[in-house]
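So that the names make sense, note that chain A is the first sequence line, chain B the second, and so on, each numbered from 1. Everything numeric in this text was worked out from a predicted model, so none of it was measured.
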Protein chains: 2
Amino acid sequence: MRSTLKDFKKKALSDPEVAEEYRNLAPAYELRRQLIKIRKDAGLTQEQIAEILQTKKSNISRLENVNSTISPKLSTIEEYAKAAGYRMQIRFIPQSQ
Amino acid sequence: MRSTLKDFKKKALSDPEVAEEYRNLAPAYELRRQLIKIRKDAGLTQEQIAEILQTKKSNISRLENVNSTISPKLSTIEEYAKAAGYRMQIRFIPQSQ
DNA sequence: GACATAGTTATCATTTGTGATAACATTTGA
DNA sequence: TCAAATGTTATCACAAATGATAACTATGTC
């Protein structure tokens, strides 16, 4: 691969508009990566966590799906985390530092 | 006052059901306290942050209101924080430790 | 008291997240 | 390769968050 992807990313991010877009999207990707991680660390399948939350696996898939355009409710994330044995913590960090 | 309130809280929390209820509600209170804090630290009124977010002060009041039963969307909190000059960070912490 | 500023509450319309179902795709293990 | 398990996608109904408006309370200032 010779790091073509990394090069592309580096180049793309040097474009201010792309960089702005990336900063906006990155948190959403990051969140979903975390969701999947805590579920797997808990040893649960989508169907199992769905059952705990009394819903269906398709809804869990949508929640975890990176391509999803939805912005979930806080309570949805909280309950999902709790089902996986975690608690959610929110912090606010001053921008540009 | 002789700390009557503290005593009451301590006693109330020794009741398992009350303690459970408290753990469930505390995060919601905490979030709203944080929201109000970052807005004030930014030197903004509800009306000013509402204008930045292109909405109305009544909606900001509802968002910040501790008594509100709503669970806001992640994007709502994100945008509010951004308007106040902060970014939101979410972490998941293993329960019971 | 009159006034301005800041925040609250109630209400209704609109938007959007969530639940459920079903069909499909993907991965894994025998 | 076949079957089972796991995850994805599309769709529709329903619930709930958000937007807007207006009237209200609270507070401080003149």
Next on the checklist: If you assign Leu63(B) and Glu64(A) each to the DNA chain D nucleotide with the nearest heavy atom, which residue ends up on the more 5' nucleotide?
Outcome noted: Glu64(A)

Item to check | Sidechain N-carboxylate O distance under 4.0 Å for Arg39(A), Glu64(A) | outcome: yes

Between atom [atom1] in [X] and atom [atom2] in [N], what is the gap in whole Å?
X	N	atom1	atom2	answer
Asn65(A)	dG7(D)	CG	C1'	10 Å
Asn59(A)	dA15(D)	CG	C1'	13 Å
Lys73(A)	dT18(D)	NZ	P	9 Å
Leu53(A)	dA20(C)	CG	P	11 Å
Glu47(B)	dT5(C)	CD	P	9 Å
Gln46(A)	dA25(C)	CD	P	17 Å
Ile70(B)	dT14(C)	CD1	P	20 Å
Glu79(B)	dA17(D)	CD	P	16 Å

Next on the checklist: I want to check one thing: is the phosphate of dG17(C), taken as OP1 and OP2, less than 4.0 Å away from some side-chain N or O of Ser71(A)?
Outcome noted: no

Checklist entry - Is any side-chain nitrogen or oxygen of Thr55(A) closer than 4.0 Å to OP1 or OP2 of dA20(C)? => result yes

Checklist entry - Are side-chain N/O atoms of Arg62(B) and Asn59(B) paired as donor and acceptor at under 3.5 Å? => result yes

Checklist entry - Is a donor on one side and an acceptor on the other found under 3.5 Å between the side chain of Tyr80(B) and the backbone of Leu35(B)? => result yes

Mind checking if [X] touches a base, just sugar-phosphate, or nothing, with heavy atoms under 4.0 Å?
X	answer
Ser61(A)	base
Lys56(A)	base
Gln48(A)	nothing

Item to check | 5′-ward residue of the pair Lys40(B)/Lys57(A) relative to DNA chain C | outcome: Lys40(B)

Item to check | Nearest-nucleotide 5' precedence on DNA chain C, Ser75(B) against Arg39(B) | outcome: Arg39(B)

Checklist entry - Would a 4.5 Å heavy-atom cut-off, applied to side chains only, mark Leu53(A) and Thr76(A) as touching? => result no

Checklist entry - When only distance counts, do a donor and an acceptor, one from the side chain of Arg62(A) and one from the base of dG7(D), lie under 3.5 Å apart? => result no

Checklist entry - Counting only distance, no hydrogens or angles, is the base of dT21(D) paired donor-acceptor with the side chain of Ser58(B) under 3.5 Å? => result yes

Checklist entry - Roughly how far, to the nearest 0.5 Å, is the NZ atom of Lys82(A) from the OG atom of Ser75(A)? => result 12.0 Å

